Number of protein chains: 2
Amino acid sequence: MQGKIAVKDFTNARGYPIGEMSRRTGVNIETIRYYERIGIMPEPDRTAGGNRQYDHDQLKRLSFVRRSRELGFSLEEIRALLEMVDRDDFTCGEVHALTTGHLASVRQRIATLRKLEKALAGMAAECSKGDVPDCPIVDMLFDAP
Amino acid sequence: MQGKIAVKDFTNARGYPIGEMSRRTGVNIETIRYYERIGIMPEPDRTAGGNRQYDHDQLKRLSFVRRSRELGFSLEEIRALLEMVDRDDFTCGEVHALTTGHLASVRQRIATLRKLEKALAGMAAECSKGDVPDCPIVDMLFDAP
DNA sequence: CTTGCATCTGTAGTCACTACAGATCGTAGC
DNA sequence: GCTACGATCTGTAGTGACTACAGATGCAAG
């Protein structure tokens with residue numbers, strides 16, 4: 001049925017090497033090893049020579065971590081989520097609580113940045129931008145109350 | 001004219017010790033020493049015994065740093081601002097450019113966080129919050145494309 | 001068997017602090 | 001002058017979430 005295959009096919013074989021994990025998830029190789037060191041990812045199998053070999057579950061786990069990071073969850077939050085999942089007795093309510101807690105902190109950060117934005121925009125607007133050495137921005141930074 | 005004074009008065013005397021600098025600017029003592037180490041603050045005078053003694057200019061400089069940090073400027077940006085000021089030939093235009101550059105990065109961060117906020121709020125809304133072990137949030141994190 | 005890329009370990013750097021430990025300074029009260 | 005006691009000193013290490021090496025192997029194609 002199948003002749004020689006041109007590209008490598010890891011799907012049913014001896015597992016993915018770390019570079020393939022990186023390519024599939026977009027997580028840097030160094031970062032994958034870092035996740036292992038801090039216990040976010042488990043220690044994978046090794047080849048006879050000592051190279052890491054991951055299975056499909058580990059690929060899914062790493063994708064989970066990646067997506068959670070993209071949503072701004074801290075590694076500690078992700079660790080908590082994974083512990084729930086690993087325990088296999090988490091409830092939807094627990095996950096919801098963690099998510100809304102994180103959502104609140106995101107909203108808080110937005111509020112802080114919006115204040116900054118206003119202050120900076122106000123300062124920039126007062127500035128003549130000219131070739132002169134007298135600058136209201138510098139004055140405000142030095143002499144504000 | 002003046003008798004004994006009850007509280008310490010550093011305003012015209014031998015300079016402020018580091019604790020007084022900290023109290024007046026709100027910058028942590030360890031942080032002040034850190035700023036000195038990385039060259040944001042100059043090396044101050046010392047007492048005979050070796051304790052730091054700051055003058056009024058240094059107090060103003062530290063306030064400048066503090067306010068700039070509050071506006072979200074990085075220490076590298078602040079270093080650039082201070083170098084301009086120290087050179088004493090900066091122009092308003094230069095300062096304006098640095099400020100608007102920073103403003104752009106603040107706006108970028110706000111945009112990123114708003115996307116996160118939307119995604120998180122959407123996920124949280126779909127969640128039943130119940131006592132059940134089947135959670136759409138976890139499913140999305142595991143199985144999203 | 002060689003070439004050459006992939007992967008290995010271990011360590012140090014990033015940013016902006018913060019937190020010690022253990023020693024010394026400075027000053028108020030006696 | 002002596003003693004307490006808080007303030008300050010130096011130097012190092014920790015934080016979070018990676019990233020960047022150096023120098024040594026592994027692995028697969030030709």
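Please read these numbers as outputs of a predicted model, since none were measured by experiment.
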Open item on the list: Between C1' on D:dC9 and CD on B:Glu36, what's the gap in Å once rounded to a whole number?
Closed with: 11 Å
Open item on the list: Measuring only between side-chain heavy atoms, which start at C-beta, is A:Leu62 closer than 4.5 Å to A:Arg24?
Closed with: no
Task: Spacing between B:Phe73 atom CZ and C:dA16 atom C1', to the nearest angstrom - done: 17 Å
Open item on the list: Measuring to OP1 and OP2 of D:dG26, would you say a side-chain N or O of A:Thr47 lies under 4.0 angstrom away?
Closed with: no
Task: Candidate nucleotides C:dT7, D:dT8, D:dA17, ranked by approach to the side chain of A:Ile29 - the nearest - done: C:dT7
Open item on the list: I need the minimum non-hydrogen distance between A:Arg61 and A:Ile40, along with the two atoms involved.
Closed with: NE-O, 3.1 Å
Open item on the list: Between A:Glu126 (side chain only) and A:Met123 (backbone N and O only), is there a donor and an acceptor less than 3.5 Å apart?
Closed with: no
TODO: Would you please name every residue forming a side-chain hydrogen bond (donor to acceptor under 3.5 Å, both in side chains) with B:Arg33, sequence neighbours left out?
DONE: B:Glu30
Open item on the list: Among B:Gln108, B:Lys115, B:Arg109, exactly one meets side chain to side chain contact (heavy atoms under 4.5 Å, CB included) together with B:Thr112. Which residue is that?
Closed with: B:Gln108
Task: Rounded interatomic separation in angstrom, taking CZ from B:Arg79 and P from C:dC17 - done: 12 Å
- [ ] Find the distance A:Gln53:CD to C:dT7:P and express it as a whole number of Å.
- [x] 11 Å
Task: Protein-to-nucleotide contact annotation, 5' to 3' order, nucleotides 9-14 of chain C [B base; S sugar-phosphate only; - none; under 4.0 Å, heavy atom] - done: B-----
TODO: Could you tell me which residues satisfy ring-ring contact (aromatic ring centres under 6.0 Å, His included) with B:His102, sequence neighbours excluded, listed by chain and number?
DONE: B:Phe73
Open item on the list: Quick check: on DNA chain C, is the nucleotide nearest B:Arg69 upstream (toward 5') of the one nearest B:Gly49, or the reverse? Name the residue that is more 5'.
Closed with: B:Arg69
- [ ] May I ask you to verify if any side-chain N or O of B:Tyr35 is less than 4.0 angstrom from the OP1 or OP2 atom of C:dA16?
- [x] no
TODO: Quickly work out the A:Arg23 CZ to C:dT7 C1' distance and round it to whole Å.
DONE: 12 Å
TODO: Figure out the CD/C1' separation between B:Glu76 and C:dC15, and round it to whole Å.
DONE: 10 Å
Open item on the list: Using heavy-atom distances to pick each residue's nearest nucleotide on DNA chain C, tell me which of B:Ser74 and A:Asn51 is more 5'.
Closed with: A:Asn51
Task: Under-4.0 Å side-chain N/O to phosphate OP1/OP2 contact, B:Tyr34 with C:dC15 - done: no
Task: Spacing between A:Arg66 atom CZ and D:dC18 atom C1', to the nearest angstrom - done: 14 Å
Task: d(CG, A:Asn28; C1', C:dT7) in whole Å - done: 13 Å
- [ ] State plainly whether the residues B:Arg23 and B:Glu20 are in salt-bridge range, i.e. N to O under 4.0 Å.
- [x] yes
